[in-house]
Protein chains: 2
Amino acid sequence: MSLRHAVLGLLAELPRASGYDLLKMFEISLDNVWPATQSQLYGELGKLAKEGMIEVAAEGARGRKEYELTDAGRAELLHWLLEVPPKPARRDDTLLRVFFLGQVGPEAARDFLTKQGKELDRRLADLLDLEGRIKWDDDNLAVYGRLAMEYGKRFMAMRRDWYEWAAKEIEGHERDGS
Amino acid sequence: MSLRHAVLGLLAELPRASGYDLLKMFEISLDNVWPATQSQLYGELGKLAKEGMIEVAAEGARGRKEYELTDAGRAELLHWLLEVPPKPARRDDTLLRVFFLGQVGPEAARDFLTKQGKELDRRLADLLDLEGRIKWDDDNLAVYGRLAMEYGKRFMAMRRDWYEWAAKEIEGHERDGS
DNA sequence: CAGCTCATGTAATACGTTACATGATTAC
DNA sequence: GTAATCATGTAACGTATTACATGAGCTG
């Protein structure tokens with residue numbers, strides 16, 4: 001149920017935005033945190049408007065509708081931000097594979113883990129590169145966006161290190177002959 | 001589309017299991033990796049059987065149906081394990097909050113981050129406790145289950161550390177008066 | 001005026017959760 | 001015999017993805 005809060009949050013940062021504008025924001029700044037498709041977004045905007053969380057503040061060319069956060073919407077955002085306990089995502093595609101990796105034998109398992117580690121190392125390098133090229137300004141999205149960036153870096157590094165560790169673990173088992 | 005692979009994986013480890021058996025397995029060993037509800041599971045078993053990935057090898061009391069992996073099912077499992085690139089989950093409820101944390105001012109933001117850090121510290125302690133109480137045997141599920149456990153520990157520790165770091169970052173901004 | 005971007009919406013399909021519904025067998 | 005466990009299935013609803021559909025306005 002958090003797509004709505006992503007929308008409310010964006011409308012809190014940039015008052016007055018159209019569905020189209022918001023879609024661009026999702027693509028450039030929320031893509032790694034909470035992706036949304038165009039269909040989903042327009043649907044949610046309709047619902048939020050009907051519930052009085054946002055309202056059409058102006059209409060422009062080509063049927064453009066500029067939405068604005070209402071007091072109810074802002075209240076809902078703050079409530080969610082501070083009072084609704086965040087629930088960490090539990091499904092992890094990669095971990096699921098690891099669970100069943102015994103099915104392929106230790107050599108293939110070790111190769112798989114090594115490969116994944118290298119892949120993450122590449123992705124971390126890309127992220128560092130991206131970070132270097134971003135020009136952070138001083139608004140809220142930038143300050144807190146930097147925190148999110150650091151999270152991404154630490155997350156990738158943690159997974160890379162774990163893959164390397166796990167590959168070594170399996171190597172140990174390989175030598176044991178188990 | 002990975003629920004089916006979780007089912008195939010479990011049936012590869014323990015040949016011959018009913019929906020009910022599998023449900024128990026999901027609850028005790030896959031709950032933090034790939035949770036599934038009863039509805040979902042029975043639905044998927046039906047589909048997998050229709051597609052020839054699994055088959056009813058025996059029927060027991062109370063309408064019990066014991067499924068077994070077919071060759072096609074095993075092939076699909078191996079294909080998924082080694083050839084389908086794992087896609088990391090992208091949605092993160094907590095990170096989304098961080099993105100909009102500027103809306104509540106630096107003190108409340110710092111308090112939020114500190115609180116989340118403490119919560120993770122508690123959860124990590126619980127996990128370590130659980131780890132101590134598990135009696136690992138030597139089968140595949142145990143060997144690779146230990147890798148998954150280590151992943152969980154590292155993931156929680158990483159997030160705890162990041163929260164503590166982020167809270168300090170915000171404190172810095174607080175003093176700046178920004 | 002042709003092609004791109006802006007701009008909104010709907011339909012079909014899949015995946016996930018909660019709740020409902022039913023009944024057989026076992027353990028006490 | 002009654003309560004717990006075993007065992008399967010369906011229905012309703014919400015969320016997410018992909019594809020389809022349409023058209024206005026700007027740029028060359």
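Chain letters run A, B, ... following the sequence lines, proteins first, then strands; residues in each count from 1.
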Go through B:Asp92 and A:Tyr151 one step at a time and tell me if the side-chain hydrogen bond (donor to acceptor under 3.5 Å, both in side chains) criterion holds. CA-CA 11 Å; B:Asp92 190 317; A:Tyr151 180 92; 3.0 Å; yes
Salt-bridge test for A:Glu131 and A:Arg146: reply yes if a basic N is under 4.0 Å from a carboxylate O, no otherwise. no
Would you kindly give the OH-to-P distance between A:Tyr67 and C:dT8, to the nearest whole Å? 7 Å
Under 4.0 Å: is that the gap between some side-chain N or O of A:Arg62 and OP1 or OP2 of D:dG25? no
Hey, is CG on A:Asp129 packed in by over 12 heavy atoms from elsewhere, all under 6.0 Å? yes
Determine, step by step, whether B:Thr114 and B:Asp111 satisfy the side-chain hydrogen bond (donor to acceptor under 3.5 Å, both in side chains) criterion, reporting the C-alpha distance in whole Å, the side-chain angles of both residues, the deciding distance to 0.1 Å, and the verdict. CA-CA 5 Å; B:Thr114 305; B:Asp111 289 352; 5.3 Å; no
Here the distance between atom C1' of C:dA24 and atom NZ of B:Lys65, to the nearest Å, is 15 Å
Just how far, in rounded Å, is P of D:dA7 from CZ of B:Arg64? 4 Å
May I ask you to check if A:Arg90 and B:Trp34 form a cation-pi contact, with NZ or CZ under 6.0 angstrom from the six-membered ring centre and within 45° of the axis? no
Sequence neighbours excluded, which residues qualify as salt bridge (Lys or Arg N to Asp or Glu O under 4.0 Å) partners of A:Arg4? A:Glu44, A:Glu51
In terms of heavy-atom contacts, B:Phe112 and A:Leu81 come closest through CE1-O, 3.4 Å
Kindly state which residues belonging to residues 16-53 of chain A come within less than 4.0 angstrom of DNA chain D, counting heavy atoms of the residue only, listed by number. A:Thr37, A:Ser39, A:Gln40, A:Lys47
Measure across A:Arg160 and A:Gly117 and return the closest heavy-atom pair with its distance rounded to 0.1 Å. CG-O, 3.7 Å
Rounded to the nearest angstrom, tell me the gap between atom CG in B:Leu3 and atom P in C:dG16. 6 Å
Taking atom P of C:dT17 as reference, at what distance in whole Å does atom CE of A:Met1 sit? 16 Å
Among residues 75-97 of chain A, which residues get a heavy atom nearer than 4.0 Å to DNA chain C? A:Arg91
